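What you see is a predicted model, and the numbers here were worked out from it, not measured in a lab. As a basis for the values below, the full set of heavy atoms in this structure was taken, side chains included, without hydrogen atoms, waters or symmetry mates.
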Amino acid sequence: SPSFRGKQQSSSSSSLLQQPPHNDRTVDYLQHHSFPLHVTPQDSELMAHPGLQLTPHPDKIPPGVPRNITVPMFWSDAYAAYYAELMDENDNRNNNPPPSSIRHVLGYGQRLMTASQAASIGSFNDQGHETIYVSVASYRDYECTPTVTDLYERAQHPERVRVAVIDQAAAGDTPCLSHGPCDDNDPNPTTLCRYRRYIDYYHLDAQLAVGPVFARHLAHRMYRGEYFAMQVDSHVRFTQDWDSYLVQHWKNAKNEYAVLSTYLSDINGRIDPVTHQGTQPSRPIMCNSDFEGAGDNKHLRHGQQPEGVSMIQGQPTLQPFWAAGFSFARGHFVVNVPYDQYLPMIFQGEEISIGLRAFTYGYDFYAPQVGVVYHIYAAKDSTGKRNHVPMFWENSGIYSGAGLAAMKRLNTIIGLNKKDYPLDEWPHEEQEKYGRGTVRTTEKFYKTFGIHVKEQRIEHHLCRFVGRPMMKEFLPALREDRMGLDYDKITYEFKDPMPDNKPKVPKRKPGPDWGR
């Protein structure tokens with residue numbers, strides 16, 4: 001069964017739901033006096049396992065596989081009472097019960113957050129630095145421990161970084177974060193021992209793993225009110241002072257709704273082994289996508305993205321798409337747009353699901369100017385793929401049919417379904433919680449970026465527009481209060497400038513993240 005391991009300190013350490021001093025249940029307490037908050041067994045709940053819930057072949061489920069699992073509560077639910085003071089005056093909070101979720105205070109996607117509401121999300125450490133939550137979802141990956149170690153060793157201010165690892169491991173696997181006993185009197189502790197008070201760990205038996213969407217759903221449940229939220233794979237490395245660069249680069253966008261995101265380049269030759277500085281000024285930008293698959297499994301999938309030196313200096317560059325392997329945004333991003341609980345056995349489709357839902361909540365995606373995180377796709381000597389690692393597809397036999405039901409839900413929620421599916425063919429639970437907002441429409445997204453849902457085709461050569469042309473066309477629509485782009489002021493609709501020259505969009509580079 002799943003297990004938690006939070007900060008490994010004495011039992012006298014404060015737990016998540018312990019009463020704060022003087023019963024100070026306020027936003028100020030959460031922001032300035034609580035970091036690092038941790039997940040504990042006391043703030044958990046039971047969840048029906050989505051793969052077992054959706055499979056039409058229960059006879060294939062091995063004996064002993066639990067139908068229900070224990071998972072962390074969402075921070076936005078566990079701490080809703082602290083935000084009662086921010087309820088809009090029109091809600092007449094004196095006559096109503098406290099909000100059931102902080103998302104209700106933020107508008108639940110039915111409106112933009114106000115600047116003050118957005119500012120209420122995010123904690124600070126004792127040094128006054130904005131805190132950073134980093135989620136790492138791992139499937140039987142021996143690179144997980146080195147990834148977390150490198151993350152802390154390369155950070156300029158590691159004491160503001162809290163990491164949560166979702167470790168999907170089988171019997172005999174070496175757990176992520178493995179280290180010997182930690183001695184508080186050791187003058188030279190290991191990196192993981194030194195920063196263990198900032199690390200949370202959730203173990204899930206590999207047999208219960210149903211793909212990256214569910215693993216990252218669990219990771220979103222591990223968020224605990226940090227100022228920024230970052231998502232990376234479990235096999236990456238960082239450049240020196242990555243944290244300070246990303247914080248400042250996000251601020252340079254001057255957009256509260258900015259999300260830095262891109263596919264990660266291969267690490268080989270990208271980080272100086274002595275200085276740990278990046279050696280290349282280039283980075284990928286998210287502009288390639290096309291329909292893939294057939295029938296009810298057809299979906300929009302992002303391909304290999306073009307990489308080059310940014311023509312926009314000193315700030316990130318607007319782009320239409322979001323990438324799962326690297327995402328850096330304000331903490332309210334994972335509060336407002338949590339991963340969908342009901343999408344087991346989904347790999348392709350993950351990114352357009354989060355991206356479209358986030359767009360309808362008002363978020364805007366940007367490519368960073370340079371890379372600060374790099375992916376381990378190949379062996380260190382560049383001779384080929386790194387050593388074989390297992391993939392979650394090894395569980396396909398247990399959850400047969402669950403992925404098709406999940407894909408129908410995914411496409412229906414984001415408006416990519418070509419037809420209406422019978423109600424009994426896909427799960428309808430909690431569509432408000434994991435659905436679209438109304439700040440923008442999916443139709444606006446599709447028209448703006450040349451995606452034709454009914455014909456299941458796209459306008460090609462979008463990469464010719466993404467970059468300086470998109471910045472020139474869209475940036476004037478940034479609201480004066482910096483609360484996102486106002487798409488009501490954007491009338492642009494992309495059309496293929498070379499319709500007779502259909503390009504072959506390259507597939508993403510196969511690597512160890514596929515099927516993880």
Please check: side-chain N/O of [X] versus main-chain N/O of [Y], any donor-acceptor pairing under 3.5 Å?
| X | Y | value |
| --- | --- | --- |
| Arg409 | Pro427 | yes |
| Glu256 | Ala115 | no |
| Arg357 | Tyr339 | no |
| Gln31 | Ala119 | yes |
| Asp167 | His203 | no |
| Ser353 | Gly349 | no |

**OP:** Verify whether one side chain among Glu351 and Tyr263 offers a donor that lies under 3.5 Å from an acceptor in the other.
**Re:**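 Per modelled atom types, Glu351 and Tyr263 side chains form a pair under 3.5 Å.
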Original post:
So, Tyr108 and Glu432: side-chain donor and acceptor under 3.5 Å apart, yes or no?
Top reply: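 No, no side-chain donor-acceptor pair sits under 3.5 Å.
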So do the side chains of [X] and [Y] get within less than 4.5 Å of each other, counting heavy atoms only?
| X | Y | result |
| --- | --- | --- |
| Leu208 | Pro66 | yes |
| Arg440 | Leu485 | yes |
| Gln231 | His220 | yes |
| His33 | Asp28 | yes |
| Ile199 | Tyr152 | yes |
| Thr442 | Leu416 | no |
| Val247 | His129 | no |
| Leu410 | His299 | no |

Are [X] and [Y] close enough for a salt bridge, meaning some N to O gap below 4.0 Å?
| X | Y | answer |
| --- | --- | --- |
| Arg224 | Asp200 | no |
| Asp184 | Arg196 | yes |
| Arg216 | Asp340 | no |
| Glu153 | Arg194 | no |

**OP:** Carefully, step by step, assess Ile166 and Phe214 under the rule side chain to side chain contact (heavy atoms under 4.5 Å, CB included).
**Re:** CA-CA 10 Å; Ile166 306 299; Phe214 184 59; over 6 Å; no
**OP:** Check the pair Val210, Asn395 against side chain to side chain contact (heavy atoms under 4.5 Å, CB included), reporting the backbone distance first and the verdict last.
**Re:** CA-CA 7 Å; Val210 286; Asn395 297 329; over 6 Å; no
Suppose we call two aromatic rings close when their centres sit under 6.0 Å apart. Are [X] and [Y] close by that rule?
| X | Y | result |
| --- | --- | --- |
| Phe445 | Phe359 | yes |
| His217 | Phe74 | yes |
| Tyr366 | His249 | no |
| His332 | Tyr363 | yes |

**OP:** Kindly write out the residues that satisfy side chain to side chain contact (heavy atoms under 4.5 Å, CB included) with Ser123, not counting sequence neighbours, or none if the list is empty.
**Re:**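 With neighbours one apart ignored, the set is Phe35, Thr131, Glu226.
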Subject >> Partners meeting side chain to side chain contact (heavy atoms under 4.5 Å, CB included) with Ile61 (sequence neighbours left out) >> reply: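 Leu52, Thr55, Pro58, Val65, Arg67.
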**OP:** Check step by step if side chain to side chain donor-acceptor pair (under 3.5 Å) holds for Arg283 and Thr262.
**Re:** CA-CA 8 Å; Arg283 87 291 180 255; Thr262 189; over 6 Å; no
Which class fits the ring pair [X] and [Y]: parallel under 30°, tilted 30 to 60°, perpendicular over 60°?
| X | Y | answer |
| --- | --- | --- |
| Tyr223 | Trp75 | perpendicular |
| Trp426 | His428 | tilted |
| Phe449 | Phe474 | tilted |
| Phe238 | Trp242 | tilted |

State, to 0.1 Å, how close [X] and [Y] come at their nearest heavy-atom pair, and which atoms those are.
| X | Y | answer |
| --- | --- | --- |
| Ile346 | Gly403 | CD1-O, 3.8 Å |
| Pro72 | Val39 | CB-CG1, 3.7 Å |
| Tyr139 | Pro390 | CD2-O, 3.7 Å |
| Thr147 | Asp233 | CG2-O, 3.9 Å |
| Tyr257 | Met113 | OH-N, 3.0 Å |
| Ala253 | Ala258 | CB-CB, 4.0 Å |

Original post:
Going from CE on Met47 to CD on Gln53, what distance comes out if it is rounded to the nearest 0.5 angstrom?
Top reply: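 Atom-to-atom, Met47:CE and Gln53:CD are 9.5 Å apart.
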Subject >> Other residues, nucleotides, ligands: >12 heavy atoms within 6.0 Å of Lys489 NZ >> reply: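 Counting neighbours around NZ of Lys489, 12 or fewer heavy atoms of other residues, nucleotides or ligands fall under 6.0 Å, so no.
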**OP:** Apply side chain to side chain contact (heavy atoms under 4.5 Å, CB included) to the pair Tyr202 and Met222, showing each step before the final yes or no.
**Re:** CA-CA 9 Å; Tyr202 181 93; Met222 301 281 277; 3.9 Å; yes
Original post:
What do the steps show when you test Gln369 against Tyr245 for side chain to side chain donor-acceptor pair (under 3.5 Å), and what is the final call?
Top reply: CA-CA 10 Å; Gln369 182 178 320; Tyr245 177 84; 4.9 Å; no
Subject >> Pair Phe328-Phe228, ring pair (Phe, Tyr, Trp, His ring centres under 6.0 Å): steps then yes or no >> reply: CA-CA 7 Å; Phe328 185 90; Phe228 291 104; 5.0 Å; yes
Original post:
Does the ring of Tyr227 carry Arg330 above it, NZ/CZ under 6.0 angstrom from centre and within 45° of its axis?
Top reply: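 Judged by the rule (NZ or CZ under 6.0 Å from the ring centre, within 45° of its axis), Arg330 counts as positioned above Tyr227.
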Original post:
Any cation-pi pair here, Arg162 with Tyr133, using under 6.0 Å and within 45°?
Top reply: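 Verdict for Tyr133: no cation-pi partner in Arg162.
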Original post:
So Glu143 and Arg237, salt bridge (Lys or Arg N to Asp or Glu O under 4.0 Å) or not? Walk me through it.
Top reply: CA-CA 10 Å; Glu143 285 288 351; Arg237 296 295 184 269; 2.5 Å; yes
Original post:
Can you check ring pair (Phe, Tyr, Trp, His ring centres under 6.0 Å) on His104 and Tyr83, steps first, answer last?
Top reply: CA-CA 10 Å; His104 288 115; Tyr83 279 72; over 10 Å; no
Original post:
Can Glu429 and Tyr434 be said to form a side chain to side chain donor-acceptor pair (under 3.5 Å), step by step?
Top reply: CA-CA 9 Å; Glu429 290 88 344; Tyr434 303 118; over 6 Å; no
Subject >> Tyr399 vs His49, side chain to side chain contact (heavy atoms under 4.5 Å, CB included): CA-CA, chis, key distance, verdict >> reply: CA-CA 11 Å; Tyr399 307 106; His49 188 282; 3.6 Å; yes
